[in-house]
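Atoms within each ligand, like the ligands themselves, are counted from 1 in listed order. It should be emphasised that the depicted structure is a prediction, and the values quoted were computed from it without experimental measurement.
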Amino acid sequence: MTIWAPSLEFDSRSARYRQIASAIGDAIDQGQLAAGDRLPPQRALADALGVTVGTITRAYSEAQQRGWVSSRVGSGTYVNDAAAGNSPFDVHVAADSDGVVDMSLSFAPPHPWRHQCLQQALAEVTEDPACLAMVAAYQPDIGTRQHREALSRWLEDLGFPLHEVLAITQGGQHGIDLCLRALTRPGDSVAADALTYPGFNAATRHAHLKPMAVPLDDDGMDIDALARLCQRQVPRLVYLTPDQNNPTSAVLSPQRREQLAALARRHDFWLIEDAVQYLPREDRGVSLLELAPERTLQVFSTSKVLSGGLRVGTLQMPATLRERIGSLLRAQSWMCPPLMTEVARRWIASPRYPELLAWQTAELAARQRLARASFEALTPRHLTHGANFWLPLPEGRRASEVQALLKSEGVLVATPEPFCTGSEPAPQAIRLCVGAPDSRESLQQALATVRRVLEQGDTSPWATL
Ligand SMILES: Cc1ncc(COP(=O)(O)O)c(C=O)c1O
């Protein structure tokens with residue numbers, strides 16, 4: 001039991017209940033609130049903060065939607081145990097288990113070759129004494145030359161531009177965190193799309209950074225709006241996924257890419273280009289690495305191409321940052337495990353890898369077509385090869401209500417709250433991953449369930465007075 005009470009100075013630019021909800025999230029991240037702790041009674045917190053009880057009710061409800069707390073009837077509101085299944089970051093190991101189709105997390109489509117490639121790579125490593133010696137030894141902070149060259153060739157084959165230095169990371173999330181830690185100090189502002197990858201939001205909170213939400217539309221980040229924000233506060237960096245916003249799948253237009261590069265030069269901020277959600281070359285625009293190489297870092301990983309558990313990623317950067325990133329890597333874990341990079345290297349070199357990638361690209365295109373055929377709200381403009389799609393809900397429907405109804409029907413989807421940058425309001429939409437289901441049949445059944453739930457209207461029981 002705790003008597004946690006935040007000391008909050010309200011910012012007039014955002015609703016108070018959202019600021020209180022964010023303070024709850026921060027307190028959990030910083031260990032001031034632990035799993036099982038009870039939040040203060042609503043009246044007491046309202047008096048302490050000088051707001052109405054209604055504001056606290058909304059704040060607790062927002063924190064609940066974000067998966068941080070749960071309310072127990074007649075008892076109060078308690079902090080969730082992230083390890084017990086309430087966190088949006090819970091890992092769902094099997095996609096279609098116990099009749100549940102989990103489309104809430106972003107996966108590459110399953111294929112038996114993934115395990116076979118992994119098995120083959122592991123077997124090769126164990127049978128090669130020189131390789132065993134190499135993976136068992138300490139190696140340079142940013143990775144061995146052989147590994148970095150192999151990953152550079154891989155990126156080149158995938159059609160990505162190369163930069164001056166490539167460091168090996170433990171996946172894309174690690175790459176993002178390294179960028180934040182290398183380029184910012186606590187209290188700095190960092191900008192991102194108003195809806196963005198939740199791992200970026202989590203990393204900014206842990207690094208005590210101030211998020212700046214930039215509006216976005218079908219052409220990606222609104223660079224004019226970013227320019228206006230810069231009049232008030234220039235961010236240290238702008239993070240974005242230009243080829244496929246996660247969750248909305250918006251693509252940054254060619255004109256806005258040019259505009260962004262020019263704005264970054266004018267105000268001298270860094271650009272973090274996240275390409276982890278893999279798309280084939282023909283679906284990608286010109287990389288920010290090409291438009292503003294002196295100030296761009298690019299994050300990529302094997303997660304959506306080979307498999308998420310390998311934890312092997314790349315961080316490309318200008319040479320001026322090599323020492324800073326190397327020093328952070330040494331401080332964190334000396335280096336990323338060379339064994340995992342060696343496994344990834346051998347997997348990529350195997351003859352099955354190009355076939356698997358070609359299969360994945362065609363499979364995701366077929367699955368996206370099924371999604372478009374199911375929902376009128378999705379037009380051909382939406383991505384053809386991406387793993388996710390974003391479904392705006394019909395007028396009057398709430399994402400949390402639709403998510404709960406779908407869950408009771410065995411279909412898991414993501415609600416928008418974890419994607420909201422800072423205290424941005426959440427739109428009523430859901431994100432679904434077409435890559436996650438075991439098969440197209442399973443996907444089709446899940447899509448039919450989503451359609452039915454949306455067509456039948458709100459049937460959630462009325463249980464609040
Ligand atoms: C846009 C984006 N960036 C980064 C990541 C994290 O990648 P990794 O699993 O390699 O850490 C993800 C994972 O879904 C993502 O969607």
Return yes or no for this condition: an N or O of S106 is under 3.5 Å from an N or O of ligand 1. no

For atom 1 (C) of ligand 1, what is the nearest protein heavy atom, given as residue, atom name and distance? D274 OD2, 3.4 Å

Kindly state whether the ring of F160 and the ring of F300 have centres lying under 6.0 angstrom apart. yes

Is any side-chain N of the basic residue among E363 and R440 closer than 4.0 Å to the acidic one's carboxylate O? yes

Would you mind checking which non-hydrogen protein atom is closest to atom 9 (O) of ligand 1, with the distance to 0.1 Å? S303 OG, 3.0 Å

R311 and ligand 1 - part of the residue with a heavy-atom distance under 4.0 Å: side chain

Polar proximity ligand 1 side, G171 side, N/O cut 3.5 Å exclusive: no

How about W154 and Y353: does a side-chain donor come under 3.5 Å of a side-chain acceptor? yes

How far is atom 13 (C) of ligand 1 from its nearest protein heavy atom, and which residue and atom name does that atom have? K304 NZ, 3.3 Å

Considering heavy atoms of the protein only, find what lies nearest to atom 7 (O) of ligand 1 and give residue, atom and distance to 0.1 Å. V276 CG1, 3.6 Å

Under 3.5 Å, is there a donor on one side chain and an acceptor on the other for Q146 and T144? no

Does ligand 1 have any atom that is closer than 4.0 Å to a heavy atom of H174? no

Is the CZ atom of R281 crowded by more than 12 outside heavy atoms at less than 6.0 Å? yes

Which bit of Q173 is near ligand 1, meaning a heavy atom under 4.0 Å away: side chain, backbone, both or neither? both

Do the side chains of E323 and R330 get close enough for a salt bridge, i.e. N-O under 4.0 angstrom? yes

Test salt bridge (Lys or Arg N to Asp or Glu O under 4.0 Å) applied to R345 - qualifying residues, sequence neighbours left out: E342

In the protein, which heavy atom is nearest to atom 6 (C) of ligand 1, and how far is it? Y197 OH, 3.1 Å

